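Please read these numbers as outputs of a predicted model, since none were measured by experiment. Each chain gets a letter, A, B and so on, in the order the sequences are listed, and its residues count up from 1.
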Amino acid sequence: MDWKTVWSEAVGAAEKAVKAKAPGARKFVKSIAEARKKRLELLLLAMADGALDEQTIDEELKEEKAILESEFLAVQVMVKKAAQDAANALIGTIEKALFKGIDFVV
Amino acid sequence: MATAKKLLKIARRHLNERYMLGALAPKNNPAWSGPWDCAEFCSWCVYQATGKLFGCRPLRGHPDRADAYTGFWGEDAGKYGKIISVGQAAATPGAFLLRLPGGAIGHVAISVGDGSTIEAHSTKRGVIVGNVVPRRWDYGVLVPGIKVSVPAAPMPIAAPGIVLRLKSPRMTGRLIKDVQRALRDAGCNPGPLDAKYGPQTAAAVRAFQLQKGLAVDGEVGGLTARKLGVPLK
């Protein structure tokens with residue numbers, strides 16, 4: 001699967017997670033996530049070409065999840081559970097795709 | 001209660017003044033004009049706006065001798081202030097942006113609310129109007145006694161790319177070995193070329209940044225990497 005598709009699915013999963021619990025916050029999810037996209041891509045690329053070890057990437061992804069959660073939660077109409085679920089869904093989708101392998105267009 | 005506008009007005013008066021790492025600013029001296037370091041600048045501005053010490057030790061001592069430090073900013077943020085997200089701080093005039101020292105050198109800046117900052121940046125640049133991006137921050141801080149208006153949604157802040165830094169567990173990989181080799185070639189001893197970003201590597205990065213007039217934080221982001229000739233993709 002290519003990175004563009006993985007990303008689109010990851011953002012979709014985050015939006016879906018927010019939809020039921022905090023519908024008013026859904027419109028902010030994409031823009032907040034997009035701000036992290038390039039960094040996530042760079043991290044995955046660094047892992048793919050062996051520049052950074054897998055454990056280091058795992059730790060960075062954990063940190064990204066926490067950052068995403070705090071940014072989602074900063075939306076006034078967001079609730080904590082929805083922010084957690086959205087961050088988990090986004091990073092979880094990427095991690096699942098990592099197992100299968102992601103194609104990057106560099 | 002002081003307003004964000006007052007805080008920013010105080011800070012702006014000191015643009016272009018001199019930076020010196022480890023400088024001590026007497027917080028109760030309104031005529032002080034530097035030298036500053038990042039934490040001294042922010043704590044001094046807070047004191048001038050509110051009459052209260054924040055991010056200093058001793059917190060209840062003489063304001064002219066209270067020493068400001070990013071580590072104290074982190075402690076006070078949790079105890080007396082309010083921790084907010086980086087995107088929220090970037091959109092809130094009068095909020096602060098904090099990068100914790102974490103074994104290296106932290107940084108703190110005042111948010112203007114439009115994605116820019118006022119901060120005591122480095123020896124080379126002094127007190128400047130900077131940008132929230134593309135840099136690594138840990139979180140935003142609201143300081144008690146400063147009235148701010150927090151927006152309904154955070155500003156989407158473009159994340160920095162890869163930032164090699166001292167953390168636990170240690171960052172490891174070929175890229176770190178490349179950085180260590182470049183540091184050694186530049187005359188800054190990173191210790192063994194073991195591909196682990198440990199304290200000795202962080203110290204060598206600080207020495208390199210000082211040598212090149214960069215902001216000294218012990219972290220390898222885009223700018224430091226470029227100066228080292230090690231591309232972070």
Visitor: Which one wins on heavy-atom pair count under 4.5 Å against chain B: A/A35, A/A66, A/G50, A/A46?
Guide: A/A35
Visitor: Could you tell me the separation between the CG atom of A/D53 and the CZ atom of B/R170, rounded to the nearest 0.5 Å?
Guide: 14.5 Å
Visitor: Please look at B/I83 and chain A and tell me whether the side chain, the backbone, both or neither of the residue comes under 4.5 angstrom of a heavy atom of that chain.
Guide: neither
Visitor: Begin with the C-alpha distance, continue with both residues' side-chain angles, and end with the deciding distance and a verdict on side chain to side chain contact (heavy atoms under 4.5 Å, CB included) for A/I67 and B/V86.
Guide: CA-CA 9 Å; A/I67 291 168; B/V86 172; over 6 Å; no
Visitor: Of the non-hydrogen atoms in B/P160 and A/R39, which two are nearest, and what is the gap between them?
Guide: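 Looks like O-CD, 3.0 Å.
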Visitor: Below 4.5 Å from any heavy atom of chain A, which atoms of B/V133 appear? Answer side chain, backbone, both or neither.
Guide: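 Neither part.
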Visitor: Once you round to the nearest 0.5 Å, how far does CE of B/M155 lie from CD1 of A/I32?
Guide: 12.0 Å
Visitor: Looking only at heavy atoms and a cut-off of under 4.5 Å, which of B/A153, B/P154, B/P169 has the most pairs with chain A?
Guide: B/P154
Visitor: Are more than 12 heavy atoms, taken from residues, nucleotides or ligands other than A/K21, located less than 6.0 Å from that residue's NZ atom?
Guide: yes
Visitor: Salt bridge or not between B/R165 and A/E60? Use side-chain N to carboxylate O under 4.0 Å.
Guide: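 A salt bridge links B/R165 with A/E60.
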Visitor: Identify the two heavy atoms, one from B/I162 and one from A/L42, that lie closest to each other, and give their separation to 0.1 Å.
Guide: CD1-O, 3.6 Å
Visitor: Looking at chain B, which one of A/K38, A/Q55, A/R36 has the largest number of heavy-atom pairs inside 4.5 Å, strictly under?
Guide: A/R36
Visitor: Does any non-hydrogen side-chain atom of B/S85 lie less than 4.5 Å from one of A/L73?
Guide: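 No - every pair of side-chain heavy atoms lies 4.5 Å or more apart.
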Visitor: Nearest heavy-atom pair of A/E63 and B/K167: which atoms, and what distance?
Guide: OE1-NZ, 3.1 Å
Visitor: Looking only at heavy atoms, what is the nearest atom pair of B/T172 and A/T56, with distance?
Guide: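 Where B/T172 meets A/T56 most closely, the heavy atoms are N-OG1, 2.9 Å.
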Visitor: So, A/E71 side chain and B/P156 main chain: donor-acceptor pair closer than 3.5 Å or not?
Guide: no
Visitor: Please check if the number of heavy atoms outside A/E54 that lie under 6.0 Å from its CD is greater than 12.
Guide: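 Result for CD/A/E54: open.
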Visitor: A/Q76 and B/P151: which non-hydrogen atoms are nearest, and at how many Å?
Guide: NE2-O, 4.4 Å
Visitor: So for B/I84, is it side chain, backbone, both, or neither that comes closer than 4.5 Å to the heavy atoms of chain A?
Guide: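 Neither the backbone nor the side chain of B/I84 comes within 4.5 Å of chain A.
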